[in-house]
Amino acid sequence: MRKGIRLRLQTTITLLVCLVVALVLLCVYILYSIEVSGQTREGLEQRAVAIARTAAYTPLVYEALDGEADPQEVQTYAEHVRHINGVEFVVVMNMRGIRLSHPDPAQIGKHFRGGDEVSALHGQETVSIADGSLGRSIRAFEPIYNANGKQVGAVAVGMSIGTLMTAISDNKWILYWGIALGALLGTIGAILLARKFKRLMFGMEPEQIARLLEERSAMLQSAKEGILSVDQRFQITLANAEASRLIGAAGDREGDERRFREFLRLLQMERALAGEPLKDVEIAANGHRLLVNVAPLQVNGQTEGAIATFRDMTEISRLMERLSGISMYADTLRAQTHEFMNKLHIMMGLLHMKQYDRLEEYVRSIVPSLQMEAGTVRQQIKDPVVAGFLIGKLSRARELHVRMTLKEDALLPESADPQIAYELVTIVGNLLENAMEASRQSAEPEIELGFDYDDEELAVTVRDNGIGIPDELLEQMYEQGFSTKGPNRGVGLYLVRRSVDKLGGDIRVMSDEHQGTTFEFTIPYSIKRGD
């Protein structure tokens with residue numbers, strides 16, 4: 001099957017505009033031709049009538065017809081008028097239609113031909129087209145009256161049809177030049193217009209644009225993030241499937257419009273339209289906690305609208321928990337590896353110097369210490385995940401030259417819910433990291449960690465002897481992104497507060513400037529029972 005010829009957009013626009021221009025010029029040509037022909041004919045007729053009137057009121061003419069002058073002089077006068085005015089004939093006739101003058105002297109004395117002279121012989125001024133002895137012509141008739149007002153004849157002034165056509169052709173030259181100029185300008189305009197459209201469409205054909213829009217629509221609808229955009233009048237221009245799901249659109253037009261309007265109010269889109277974007281802001285909508293980013297849409301430096309992207313915090317929370325746990329485990333392994341390498345270097349140095357007695361003494365001193373430390377943690381911390389994590393943190397503290405101790409009466413039974421252990425790793429890990437960083441500014445940095453389980457409730461205490469937290473920062477320190485340590489910080493305490501809230505617990509902080517800070521949180525805690 002043969003495919004039809006497919007023209008490019010630029011070619012199509014050029015041809016269509018040229019066709020329209022051609023049709024317009026054709027209509028102009030037809031209408032103007034009719035007008036030119038009519039006006040040219042009317043002008044010639046008026047000219048012939050004027051000549052006929054002049055001849056009819058000439059004394060020589062009506063006196064000759066009245067018998068008071070020589071009829072031969074009428075022929076001389078008529079020929080003189082004909083030559084001066086460039087007409088085909090000037091014929092003077094009496095009341096019987098007998099010619100007194102004619103361009104062909106042989107026709108003088110004969111009856112006027114054509115039959116259209118009758119009205120003039122009855123006193124009417126007429127204009128007609130008829131065939132005569134000189135061929136087809138335009139004739140103007142004017143009755144002739146003597147000095148007493150009696151009609152004594154008529155005069156006919158004629159112009160050939162050839163003269164009319166020549167005059168019309170002469171007047172049409174301006175029309176031809178106008179059409180040619182219009183066609184030229186129309187073609188140039190069509191080409192420029194087609195190029196302008198091509199630039200506006202980024203050089204793409206309509207089929208390419210349609211395919212691109214379909215692909216973009218498919219991508220937006222399949223995105224896991226909700227995407228919502230508005231124009232400057234707050235009219236929604238885009239809402240993908242995920243946005244409708246998170247907002248709670250159910251197909252009810254009025255209800256969905258109300259939900260979208262309420263959601264736009266929560267997003268504070270007017271701030272984005274004013275050039276103030278929102279980054280990583282949490283909001284609650286339709287039973288979901290959403291992490292929202294709102295930014296202005298700018299085209300050529302002008303704000304044309306705003307776009308919001310948002311995602312369910314449940315998925316983000318899971319990802320953050322995994323990343324937080326992995327980061328802490330990585331820090332623990334790194335600390336243990338670094339500590340082990342330091343000890344290994346000491347042993348290799350003693351071995352290289354052949355200080356075997358000192359080597360044996362050093363090995364015997366560190367092994368019981370490590371065994372005692374690990375044994376203490378395993379004895380007090382029954383949950384293997386938290387126990388392994390704390391052993392790593394103890395190594396991390398030694399690496400940072402921070403004295404970290406576990407309270408002697410600390411006790412952490414194994415939880416009935418393994419997920420709680422991971423949340424504890426997130427909470428305790430971030431608190432210990434902050435404590436290590438704060439206490440390192442002290443002369444003798446020290447951290448104390450305590451666990452107290454009693455009647456289905458667990459209390460955890462983390463104390464340091466650092467510089468403390470100013471009172472004015474106690475309320476702000478849990479906000480995401482807030483930190484006094486520089487940019488790209490302010491996540492640790494946010495995760496702590498979120499995990500405590502998730503477990504249904506409560507957190508308190510007590511801080512004295514230059515004396516240290518104590519964090520204490522309590523959570524419901526069900527222990528694992530034996531089978």
Starting from the C-alpha separation in whole Å, work towards a yes-or-no answer on side chain to side chain contact (heavy atoms under 4.5 Å, CB included) for Thr309 and Val294. CA-CA 7 Å; Thr309 58; Val294 185; over 6 Å; no
Check step by step if side chain to side chain contact (heavy atoms under 4.5 Å, CB included) holds for Asp464 and Asn434. CA-CA 9 Å; Asp464 65 66; Asn434 286 347; over 6 Å; no
Close side-chain approach of [X] and [Y], heavy atoms under 4.5 Å:
{"X": "Asp383", "Y": "Phe451", "answer": "no"}
{"X": "Phe521", "Y": "Val428", "answer": "yes"}
{"X": "Leu228", "Y": "Phe310", "answer": "yes"}
{"X": "Glu225", "Y": "Glu242", "answer": "no"}
{"X": "Asp231", "Y": "Ile236", "answer": "no"}
{"X": "Val460", "Y": "Tyr525", "answer": "no"}
{"X": "Thr517", "Y": "Ile467", "answer": "no"}
{"X": "Ile427", "Y": "Phe519", "answer": "no"}

Tell me whether Gln235 at atom CD has more than 12 heavy atoms from other residues, nucleotides or ligands lying less than 6.0 Å away. yes
Would you find more than 12 non-hydrogen atoms of other residues, nucleotides or ligands less than 6.0 Å from Arg508 atom CZ? yes
Heavy-atom pair with the smallest gap, counting every atom of [X] and [Y]:
{"X": "Gly504", "Y": "Pro524", "result": "O-CD, 3.7 Å"}
{"X": "Ala295", "Y": "Pro277", "result": "CA-CB, 4.2 Å"}
{"X": "Asn465", "Y": "Glu444", "result": "ND2-O, 2.7 Å"}
{"X": "Gln380", "Y": "Lys407", "result": "NE2-O, 2.7 Å"}
{"X": "Ile227", "Y": "Asn240", "result": "N-OD1, 3.0 Å"}
{"X": "Asn293", "Y": "Lys279", "result": "OD1-CA, 3.2 Å"}

Stepwise, does the side chain to side chain donor-acceptor pair (under 3.5 Å) test hold for Ser526 with Glu456? CA-CA 5 Å; Ser526 299; Glu456 301 293 316; 3.0 Å; yes
Supply the atom-to-atom distance [X] [atom1] to [Y] [atom2], rounded to the nearest 0.5 angstrom.
{"X": "Leu503", "Y": "Asp506", "atom1": "CG", "atom2": "CG", "result": "12.5 Å"}
{"X": "Thr405", "Y": "Glu446", "atom1": "OG1", "atom2": "CD", "result": "5.5 Å"}
{"X": "Leu411", "Y": "Leu458", "atom1": "CG", "atom2": "CG", "result": "9.0 Å"}
{"X": "Arg498", "Y": "Glu423", "atom1": "CZ", "atom2": "CD", "result": "7.5 Å"}
{"X": "Leu412", "Y": "Leu449", "atom1": "CG", "atom2": "CG", "result": "9.5 Å"}
{"X": "Ile447", "Y": "Leu394", "atom1": "CD1", "atom2": "CG", "result": "10.0 Å"}

Could you pull out all residues at least two apart from Asp501 that satisfy salt bridge (charged side-chain N to carboxylate O under 4.0 Å, His left out)? Arg497
Could you tell me if Thr461 and Glu520 have a donor-acceptor pair between their side chains, going purely by distance under 3.5 Å? no
Can you see whether Glu457 engages Thr522 through a side-chain donor-acceptor pair at a distance of less than 3.5 angstrom? no
Would you list the pairs meeting salt bridge (charged side-chain N to carboxylate O under 4.0 Å, His left out) in which at least one residue belongs to residues 411-422, sequence neighbours left out? Glu414-Lys528
Got a salt bridge between Lys393 and Glu433, using NZ or NE/NH1/NH2 to carboxylate O under 4.0 Å? yes
